[in-house]
Amino acid sequence: MDRGVSPLGRRPLTPQTLQDWIDARKRHRLSDAHVQMARELGMNPKKLGKLDNHRQEPWKLPLPAFIEELYARRFGKRRPDVVASIEERARQIQQKRAARTEARRLRRESIS
């Protein structure tokens, strides 16, 4: 569960919320598409264990099938149009943060 540290040593590279999804993906053997669908449905990655079928409860669907069914019911389609992995999403967040910081620095330089 090593998330790495930013070059300045202050902020982890992967936010804890995304790290929870990475751990849930490994623990419950979910694909990137299933993780994205679960996130769009507003599921809590720490609570997926109670939804997962451990083959002891035959009335429950397997977790990936359950997520697909809920997603189809809510959004009317089987899968998201564009699937991005959690790592890609973390990279996008990091790039957006860097761009925002750079824009803020340029604004401050132009004022003074």
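Please read all numbers here as calculations on a predicted model, not as lab measurements. Below, each value reflects all heavy atoms present in this structure, side chains not excepted, and no hydrogens, waters or symmetry copies.
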Quick check: are there more than 12 heavy atoms from other residues, nucleotides or ligands sitting under 6.0 Å from NZ of K77?
yes
For K60, check side-chain hydrogen bond (donor to acceptor under 3.5 Å, both in side chains) against everything at least two apart and list the hits.
E57
Taking every heavy atom of I93 against every heavy atom of L18, the minimum-distance pair comes out as CD1-CD1, 3.7 Å
By side-chain hydrogen bond (donor to acceptor under 3.5 Å, both in side chains) - contacts of H34 (at least two apart):
S31, E68
Are the side chains of D23 and P45 in touch, meaning some heavy atoms are under 4.5 Å apart?
no
Side chains of M43 and V35 in contact at under 4.5 Å (non-hydrogen atoms):
no
Residues clustered with I111, ILVMFWY side-chain links under 4.5 angstrom
none
Applying ring-ring contact (aromatic ring centres under 6.0 Å, His included) as the test, list every pair that has at least one member in residues 80-112; sequence neighbours left out.
none
Could you work out, with side chain to side chain contact (heavy atoms under 4.5 Å, CB included) as the rule, every residue matching R105, not counting sequence neighbours?
E102, E109
What residues form a side-chain hydrogen bond (donor to acceptor under 3.5 Å, both in side chains) with K50, not counting sequence neighbours?
none
Sequence neighbours excluded, which residues qualify as salt bridge (Lys or Arg N to Asp or Glu O under 4.0 Å) partners of R25?
D32, E87
Value rounded to 0.5 Å, distance of CZ in R104 from CZ in R108:
6.0 Å
Closest non-hydrogen atoms of A33 and R79, given as atom of the first, atom of the second and distance, are CB-NH1, 3.0 Å
Hey, what do you get for CG (L61) to CG (D52), rounding to the nearest 0.5 Å?
11.5 Å
Shortest non-hydrogen pair, P62 vs N53, comes out as CA-CB, 4.2 Å
Residues forming a salt bridge (Lys or Arg N to Asp or Glu O under 4.0 Å) with E88, sequence neighbours excluded
none
Contacts of type side chain to side chain contact (heavy atoms under 4.5 Å, CB included), residue P80, not counting sequence neighbours:
Q36, M37, E40, Y71, V83
Close side-chain approach of L48 to W21, heavy-atom, < 4.5 Å:
yes
Once ring-ring contact (aromatic ring centres under 6.0 Å, His included) is applied, what residue pairs with a partner in residues 91-112 remain, sequence neighbours excluded?
none
In terms of heavy-atom contacts, Q16 and D20 come closest through NE2-OD1, 2.7 Å
With side chains defined as the heavy atoms from C-beta onward, is the minimum distance between L51 and I67 less than 4.5 Å?
no
Between CG of D81 and CZ of F75, what distance do you get to the nearest 0.5 Å?
11.0 Å
Fellow cluster residues of V82, listed by chain then number, with links counted only when side-chain atoms sit under 4.5 Å apart
none
By salt bridge (Lys or Arg N to Asp or Glu O under 4.0 Å), K47 pairs with (sequence neighbours left out) none
